[in-house]
Q: 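Shown below is the structure under consideration.
The sequence lines fix the lettering, A, B, ..., with proteins before strands; numbering per chain opens at 1. Everything numeric in this text was worked out from a predicted model, so none of it was measured.
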There are 2 protein chains.
Amino acid sequence: MPVERVRRRIPEATVARLPVYLRILVEQAGEEVECISSEGLAELAGVNAAKVRKDLSYLGSYGTRGVGYEVAFLVYQIRRELGLTHDWPVVIVGAGNLGQALAGYNGFGERGFPVAGIVDIEPGKVGSVIGGVRVRHIDDLQQIVQSRRVSIGVVATPPSAAQDAADRLVRAGVTSILNFAPVVLAVPRGISVRKVDLAVELQILSYYEQRRVGVGLQAVGSNDSTRGASA
Amino acid sequence: MPVERVRRRIPEATVARLPVYLRILVEQAGEEVECISSEGLAELAGVNAAKVRKDLSYLGSYGTRGVGYEVAFLVYQIRRELGLTHDWPVVIVGAGNLGQALAGYNGFGERGFPVAGIVDIEPGKVGSVIGGVRVRHIDDLQQIVQSRRVSIGVVATPPSAAQDAADRLVRAGVTSILNFAPVVLAVPRGISVRKVDLAVELQILSYYEQRRVGVGLQAVGSNDSTRGASA
DNA sequence: ATGCAGTTGTGCACGTGTTCACAAAGCGGG
DNA sequence: CCCGCTTTGTGAACACGTGCACAACTGCAT
Ligand SMILES: NC(=O)c1ccc[n+]([C@@H]2O[C@H](COP(=O)([O-])OP(=O)(O)OC[C@H]3O[C@@H](n4cnc5c(N)ncnc54)[C@H](O)[C@@H]3O)[C@@H](O)[C@H]2O)c1
Ligand SMILES: NC(=O)c1ccc[n+]([C@@H]2O[C@H](COP(=O)([O-])OP(=O)(O)OC[C@H]3O[C@@H](n4cnc5c(N)ncnc54)[C@H](O)[C@@H]3O)[C@@H](O)[C@H]2O)c1
């Protein structure tokens, strides 16, 4: 039979949870667990079991009634759906405090996002080696992106330079951006942007902290991570 | 008239956007802008104008029809609502790559989240000074939390130690946790947890990147940052 | 005064996401 | 081979979030 090609669109909320399931499943596989129920996975992911089943049902009917899901197979399916069947090299712009921490972090490469390069505008930063990658000048950005076929860029510059960094990334050919600078980036249509803003996170905590007058009565919230990606 | 005390509950999605508005408004105030319309603010925040108005309406009716919102006043109101009228000292657990980057980052203190302390379990790490803060042993955690009245803790340990770090934070008296480790933390009811997971962000980008077969037709998505806080 | 241009605040309809509840289906034991 | 136990997959109801559209209101010009 022909491989199904009309990929169903997966709800954004589900896309944001699949990586969490994936990590848990990989961990379970490492512990020789071969099969897991939606209930079990839900427990480990801190979400509702029905949600797990519905999420997984977007991938296809890969469970076995009365039994559960085969861990290894699910891992494969989620990887495939998330596009993790091959590596996605990333380029980091800004070799400061944060950029260095990111470049020196092995977790990225391990998860299929090797650091193809890190660039900075400051000549003084160029040349030093972080996590096995040499810092290069930002003028080399396009060359790095094209030669290494990079489609994901990380912005780790000061806020004032973030838009410039994003512009350069887009011009160099990057189509997805992960932004750590606390600014709203303007990008052309079709470019995906996701933002990680620690100050915002803290301020949200502050809000709930401040309301902690009576008892903790807030909804369990389940840490979903729904944010818009892509434009 | 008595000051209104029955605080309306603000929708989570709105709470997540208020910090963004706040930052923009503070910036505008710095540029001598005294008044801004929902349209103008929406443009800068990259969202719909009606959404801005609805969000702000949860704070009260602080706009002037035909004119807009007074920037300074809005800043004050959002700060008040988010509980940013006073500082929230934070304690960082794990003085590794990331913990050091965080401790050395001034942006936190500037935004009202001074680093009250950073602790590690490794005796070798204890004693060094990062961003003006001396790394202390994790056994001092409770003392730091209580003497400095810390209610927010940051987990920056390896994944395997994250649950332990969270447990210690809770035992020490912290009621909100910002977790950088890629694990789902279990915490008692009433403790707020927010997670920042870079690998998840990259995997979400990967999903949309992979689907980029035809044209970029995905919804604009607007970067909201809605995640569950608190348990 | 009155009119007009501009902008807010919100009712309403719509779309998305969550959860319940249950029929359908697999499995193992007798 | 059938029965009862278990768990999936999903329809339907509900909750939540978004955006349109417009009445209500402000301030200014005449
Ligand atoms: N350090 C943290 O823990 C932390 C936490 C939260 C957010 N952030 C945000 O991350 C960003 C980076 O923070 P940081 O602490 O690494 O800052 P940093 O000042 O240490 O580093 C910024 C680097 O970017 C480089 N740069 C400046 N303009 C550039 C340009 N146009 N192109 C390329 N490179 C350029 C600078 O030379 C510098 O090396 C900031 O926006 C900050 O607000 C950092
Ligand atoms: N470095 C990054 O850029 C980055 C990016 C994304 C996610 N993360 C995550 O952030 C976390 C920290 O990363 P890192 O690169 O700083 O790791 P790291 O290994 O450099 O630092 C971890 C630190 O935690 C300390 N520690 C270990 N167990 C502890 C315990 N029980 N109590 C207190 N301290 C303990 C260690 O001594 C070490 O100093 C990890 O979970 C990692 O997955 C890091």
Q: In whole angstrom, give the distance that lies between atom CD of Glu70(A) and atom P of dC27(C).
A: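 Glu70(A) atom CD is separated from dC27(C) atom P by 12 Å.
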Q: Please report the distance, rounded to the nearest Å, between NZ in Lys51(A) and C1' in dC14(D).
A: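 From Lys51(A) NZ to dC14(D) C1': 14 Å.
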Q: What is the distance from CZ of Phe73(B) to P of dT8(C), rounded to the nearest Å?
A: 15 Å
Q: I'd like to know if Lys54(B) reaches the base of dG19(D) with its side chain such that a donor and an acceptor end up less than 3.5 angstrom apart.
A: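 Answer is yes: a donor-acceptor pair is held.
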Q: Is there, by distance only and without an angle test, a donor paired with an acceptor across the side chain of Arg65(A) and the base of dT8(D) below 3.5 Å?
A: yes
Q: Counting the atoms with a prime plus P, OP1 and OP2 as sugar-phosphate, which does Tyr62(A) contact under 4.0 Å by heavy atoms, base, sugar-phosphate, or nothing?
A: sugar-phosphate
Q: Under the side-chain contact (heavy atoms from CB on, under 4.5 Å) test against Leu22(A), which residue among Ile24(A), Val26(A), Leu18(A) passes?
A: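 Testing Leu22(A) for a side-chain contact (heavy atoms from CB on, under 4.5 Å) against Ile24(A), Val26(A), Leu18(A) leaves exactly one candidate, Val26(A).
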Q: Starting at CZ of Arg53(B) and ending at C1' of dC20(D), how long is that distance when rounded to a whole Å?
A: 10 Å
Q: Could you tell me the separation between the CG atom of Asn48(B) and the C1' atom of dA21(D), rounded to a whole number of Å?
A: 12 Å
Q: Looking at Asn179(A) and Val183(A), would you say the former's side chain and the latter's main chain have a donor-acceptor pair under 3.5 Å?
A: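 Indeed, once roles are kept as given, a pair shorter than 3.5 Å links the two residues.
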Q: Does the distance from a Lys or Arg side-chain N to an Asp or Glu carboxylate O, for Asp55(A) and Lys51(A), drop under 4.0 Å?
A: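 Not counted as a salt bridge, because no side-chain N and carboxylate O are separated by less than 4.0 Å.
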Q: Reading DNA chain C from 5' onward, which residue's closest nucleotide shows up sooner: Tyr69(B) or Asp55(A)?
A: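 First, find each residue's nearest nucleotide; the 5'-ward one identifies Tyr69(B).
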Q: Kindly say if Ser38(B) contacts the phosphate of dT8(C), meaning a side-chain N or O under 4.0 Å from OP1 or OP2.
A: yes
Q: If you check the Thr64(A) side chain, which of dT8(D), dG17(D), dG26(C) turns out closest?
A: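 Of all the options, the side chain of Thr64(A) is nearest to dG26(C).
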Q: Figure out the CG/P separation between Leu56(B) and dT18(D), and round it to whole Å.
A: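 Value for this atom pair: 14 Å.
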Q: Is Ser206(A) reaching over with its side chain to a backbone N or O of Leu82(B), donor-acceptor style, under 3.5 angstrom?
A: yes
Q: Is it true that Arg171(A) and Asp167(A) make a salt bridge, defined as a side-chain N closer than 4.0 Å to a carboxylate O?
A: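 Asp167(A) and Arg171(A): not salt-bridged.
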Q: Check the distance between dT10(C)'s P and Leu59(B)'s CG and give it to me in whole angstrom.
A: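 So the CG-P distance, Leu59(B) to dT10(C), works out to 12 Å.
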Q: Expressed as a whole number of angstroms, how long is the span from Glu12(B):CD to dT16(C):C1'?
A: 15 Å
